Each structure stands twice: as structure tokens, then as C-alpha cells.
Amino acid sequence: MSEQLRSFFGCGLDDDRTFDLNDYGDSIPRWCVGCGDHGVLSAVKRMMRDQRLLPERTVFVSGIGCSSRFPHYLDTYGFHGIHGRALPIATGVKLSRPDLDVFVVTGDGDCCSIGAGHWLHATRYNIDMTVLLLDNAIYGLTKNQTSPTTPEGFETNTQPHGTYLPALNPLSTALGVTNASFVAQTADWVPAHLLATLKAAYEHVGFSFVRILQRCPKFSAPVFSEQARTPDLHELLFHSDGITVPSLDKIYKHRLEHDPSDLDRARSLAEDTERTRLGIFFKDATRPCYNAIRHLPTYTAAQNIERLNRELDRYAV
Amino acid sequence: MTRRLLTGNGAAAWGARLADVDYVPAFPITPQTEIIEQLGAWIDAGELPARMVTLESEHSMLTAAGAAAATGVRVFTATSSQGLLYAMEMLYTVAGWRAPFVLVNVSRALAAPVTLETDHNDVLAARDTGFLQLHCATCQEVLDSVLLAYRLAEHPRVRLPAIVNLDGFTLSFTREPVEIPEPAVVRRFLPGFDPQSVRFRASEPVSQAVAVLGGTPYSYFRYEMHRATEQAIAAFEEVAADFERATGRRHAALETHRMNDAEIAFVMLGSFATKAVDAVDRLRESGVRAGLVRPRLVRPWPAAALRESLAGVRGVAVVDQNLSMGKGGILHAELASTLYGVPDAPVLTSFIGGLGGRNIAPEEFFQMASVTREAAQTGQAPEPRLLFTAQELREVRRLQGIALAERHETTHSGAERSAP
């Protein structure tokens, strides 16, 4: 939340509370052992602690899928919605309560398949929220069916001889939408980068879209197993206006300077999937946010009636 | 003919395989996913010469199903619960296209709150869409009903899509011995799809799904669907008789159990009615002349058969595994309108039970029988009631207590922290 909004709603600024990780939830998640969601949950809690987010001013919205269990494991406000509808629910929350920090946790099924229509428009509305796409390239909750991001040729229960279509590229899709304002990619197996990306996404005012490559040890383990063990298959995008994690430089040798304001280059970098690129592809804080530019009536109906009565009362004898 | 242990989902897949379907648009959802996975495996192994496409949602899946059927091929698809509701817009639309195909719905209670086990609010939400509805109680019936549903849907006097309904978990994941008919036997009962007027032929282009402006043509086409559904009662008799000749198994529009001299009767849908079969037998042992009526067809609604089977019965306990908010049980309302004005009609009592898969215990059937007998004697039906025990209420109150305490603790500690 911007400082302006904090002061407008009279919260936050004078709140000197600090939190530890357990203040954001200490229950044990029911994800499989080795699931990347555990790491994302830890990183989210660390980011909230570092940013001193107030649990009672924070909302996590999800749809349906393994990752959509997220709100259950956080002691913030939560909304476990229905399949594909996390983004419109979050839109409703943010438009009526702009003082709240809104996060959306969605998956490659929820966001890129059944909810894809909402994804496009939520990107264009550019409402101030942080969207985490936990992409494990499979339908995990229903146990091993092809999702839009399942790699071509990968065998699943619905396409046993290998997935037919080329995988949808969530980064190029997001970067192709008019008025996109923040698109980044990180991975559950690079915790320092994940944390830095979450922080940057939270700080960006607008629709921050973060694709998190996420391991599913049960159904799509081969998709990311080699990458997760091989730093050389990655390329870290760095820039003074992007993400810089010096502690990773020794391990991740391939680094590329990329100015996140360069949309054309962002698109070509996203399109080339030979290397797993982590970092901010695109960021533009000047893009209009729907919540900032929409026309709201100055007064509510009740206020109008009260004003009218007050005016007429002046002439009462 | 082979006899095999199959789950309800496995039986549904076998039905589709034996019907020689051409096209299967699919989208996974618990507890249905096993059906499309089984079909996927057969197609992949070359055992089923069909095409299968996984779409990006149930809405697209139903659209693809209807459109494919309108080109004149035999289509099968399956969904459940939220998926059926998400496809609701297209259920009305494709039924209006008059393109017959079969949709298996594996009933699961609707959100919110999100849950997984069965009740019938999902399939009954599709009651007025124009889809025919066949409700199953056993795995054998699931396989047979898929075949019956194709014959009924494709019947020249009907020509409407059909839903075959089975209960999630209680039937979808329960293994029962199922007789799988020989493909040759099925082919005699269910020959290849004759698309008649709905077909694709390059030399004879037609426009389908055109708009009508004005109430006159609209009323005409909608009422035609209603008439076609009514005609499906007689068509079903014909189809069921053919099926019996082919397989030896009889599936009537209504299944009855010990109704001959029944004084009171239960009316229920789906697999939970098998609990009532057991309860009726126990009641009979204790001297109560009880019986069970289970409509297999819900659309078309077998009104005449219901009136006939309930003639002479003094009290009927309608057990609704659904809830129409502010009204009560849907089956109760349907049956009440069916019996209204019938001389010496039985008194109806209304019970809501089995929501979200909640069990209905034998003692609850005894209680319902007792309430219904009393109602029959006094001629006064009590208010509808929910089957829910004091023990269950205590458990919910206990959980609410924990939630309240946690909330209080959170608020309290928050206030403490923020104090200077």
C-alpha cells in the first residue's frame, strides 16, 4: 500500500508492530513432501515479515488447485474461491477496500486454463495487487493431467503418449496484454531470488504478475528436476531497476543486464525459452491503474440525501 | 459377457467404450477424473477408436460436445458439481440445438463451503435445461444407463442430450461386480448414430443455432423440447424393453422395492436409496409394511408411474438429498405437484438428508417411517426437517467455539502488541 493510501485510511504509518514468521501462520501445510509450494509459502512469510505487513490488512485470494490451499496456511484474511475465479474475487476486494494489500495465489490450471479470460482483463485493469502464478506444469490436485503449461511431449494421464500442443508461455502472454505493468519470473529452488522478486512485486504499484516455476515431485518432477540442480541452465536478469541478488552471483554464472522498461526486449527474452531466465522482464509504474483512474461518485446516495436535506433545512421557517 | 469389479467411474467409461463413441471432450474434476483418464488410456492403447481433446474448462467442453454432436458424430463427456454449473449456460444452449449426446455427471455437493462428497443440487440445477436425466444407484446401472441414454437421446421422437448421474465417492469410487455386455450385443441394441437432420455434409450446407426474434418462434421451439421430453417416457419403455431382450436386465423408469402391499413408502434418488432398501427390509421384519420408490428418470418425469406405484399408500417420506433454499426438497415439490388432486393421495412428509455426503443411518429411516405413519393417521404432515443429530450439532458448536477462541486470541494479542 502506498504511503498516501496508508495515511488516507489512517492505518499502518503509526503502527510500529513487528512480526515473526509464525505471526503469519504456523500450521503445517498439507502439500506433498518436496512440493515447491512449501518454499513459496516460506518466502511469502519472510517477505511479509520484512515488509512488516499487517496480518489484518492483508488478503490472500486463491482459486482451486494445490497452490490454492495457500490462504489456509496464512493468518491473514483469506478467500479460497472457485476454479479460475481468484482474479475477479481479488478485483472486487481491492476495488471496495483499496486500503488492503491483496495477493492472489493461482496455478497454471486456475490462471492459464479455466480462468484465462480473467487473467487478460485483470492485467489490463492493472489494479494494484500481487499475483503469484505457481506454475508446476501439471494439474496436480486432480492428479496428473495435461495443463496449458505442460511441456510438449510430456506424458500425463490425459495424454499418455505425450502432450500434443506446445506449452503456453505465461510470460509472453502477460507481456502481450495491453497495459501490463509488471512481469517477473522466479523459481521455488532459488529462495533468495524468490524473496527478492516477491519484495519487488509487492512494492510495485499496479498488477504485479510473478510466474514462479514450482516443482511438483509427484506428477511433473522431470519438468524442472534438471534445472533445479543446474545453475548453468539459468540466466539471471539484473538491473539497477530490476532484481539484484549479489549472493547468487557465484553460483549463477549466466547473468544478463536487462532494463525492465524495455518492453520489446522483454518480449523477445520471454519468447526464447532455451534458458530459464529469472528476474523482472518488464516494469512500468506509469501505466494507468483502474483503481486510480476510475470515476467514483463524490458522494454516496445517503450522503446526497443528507446534503440535500441540509441545504433545504436552511430555508425552513 | 464378462463380469468384473468396476468402480462407478470405471462403469461409466465402459459404457462410453461400448457405445463406440467418436469424440470425447474432457476436463478433469474430482470425483469424475477417473472416467476421462480411463478413456484416455484406451484411446492411447488403440482399444477405442475415438478422439479425445482436453479443453480449458467445462464451459468449452460442453460447447465442443454439443457442436461435435451437431456434426453427426457420437459424443461422450463427463463432469461433476462446479464443472456442471460452470457449463450451465451451454447446457441450455446445446439442448436447444437438439443434438443428442451423453454427459455423465458425478454428483458432488456445491460450494460454498467447498466440499467433495455427494448430493444432488448440482444435477438438479440442470433440471430445466432440456437435458434428459437418468439417476443410478449401482455401478451396473451406470454402465447400462450410458447405453440406455444414447438410445433415448438419439430416439427419433426425442433428440435431446442426456445426463447419466451417479453419486460421487459413494458410487464413483466403490467397486462392485459389473457385467460387461459383449460388444456385438451392444451393437444390436445400440447401432451407429443416425444423425438425421443434425449432420455435416459439404454438399448440403445448413445453418444451425440461428437466433429467432420474437416470442412466437421462441415459444414454438421451447415447447417442442418440452413435448419431446414428455415423449421420452414412452420412448424409454421401448428402449428399456429392447435392453432387457439384449442383456436380460430390466431398468424401468421407476425402481420399486416391496411396494405391493406397502402402507408407507420412501421416495429417494440415487445410490443413497440402497440404504433405504435395507431399511425397508428391516422395517418389514418389525411388522411395518414399508416400501421404496426410486425414480430412475427425473427428466422426463415419470408422473403416471409414480401415481400408479403410490396408489393405496397412506404415507410417503420424501428424502431429498438436495435443498432449495427457502422452499425445501426439490423431489418433495415435484412429487407433491404430481399427486395433487389425486383422490386418496398419500400424505407426504419431507426430509432433507445426505447433504454433502452425510450418512443416513438405519435408525433415521425408522424415525422417518414413524413420523410418516403418524402423519398418515392424522392426515397432517409435519414441517420439513433436516436429518441432523444433537451429537452433530454439538460437534459443530465445538468447532465454532475453537474458532471463536482463536479469533479472540488473535485480536487480543494484536491489541497488546500495538499498545505503546
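Throughout, protein chains are lettered first and strands after them, A, B, ... in sequence-line order, and every chain is numbered starting at 1. If you're wondering where the values come from, they're calculated on a predicted model, not measured in any experiment. Hydrogens, waters and symmetry mates play no part in the numbers below; they use all other heavy atoms, side chains included.
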Whatever's closer than 4.5 Å to a heavy atom in chain B on A/H161 counts as both
Contacting region of B/I43 [heavy-atom separation from chain A under 4.5 Å]:
neither
Pairing donors with acceptors under 3.5 angstrom, does anything connect the side chains of B/T33 and A/T142?
no
Is B/A26 in contact with chain A via its backbone, its side chain, both, or neither, using a 4.5 Å heavy-atom distance?
neither
Please state whether the side chain, the backbone, both or neither of A/P160 comes within less than 4.5 Å of a heavy atom of chain B.
both
Toward chain B, the part of A/E56 with a non-hydrogen atom under 4.5 Å
neither
Mind telling me whether B/F27 and A/H83 have parallel, tilted or perpendicular rings, with 30° and 60° as the class edges?
tilted
Less than 3.5 Å apart, any donor N or O on the side chain of B/H120 or B/D320 sitting next to an acceptor on the other?
no
Could you give me the CA-CA distance, side-chain angles and deciding distance for B/D22 and B/R74, then say whether salt bridge (charged side-chain N to carboxylate O under 4.0 Å, His left out) is met?
CA-CA 5 Å; B/D22 298 302; B/R74 189 170 276 159; over 6 Å; no
Where the side chain of B/T77 meets the backbone of B/P25, is there a donor-acceptor pair that is under 3.5 Å apart?
yes
Option in A/G84, A/P55, A/G109, A/S113 with maximal non-hydrogen atom pairs under 4.5 Å from chain B:
A/S113
Does any heavy atom of chain A fall under 4.5 Å from the side chain of B/Q82, the backbone, both, or neither of them?
side chain
For the residue pair A/Y202 and A/F103, does the interplanar ring angle fall in the parallel (under 30°), tilted (30 to 60°) or perpendicular (over 60°) class?
parallel
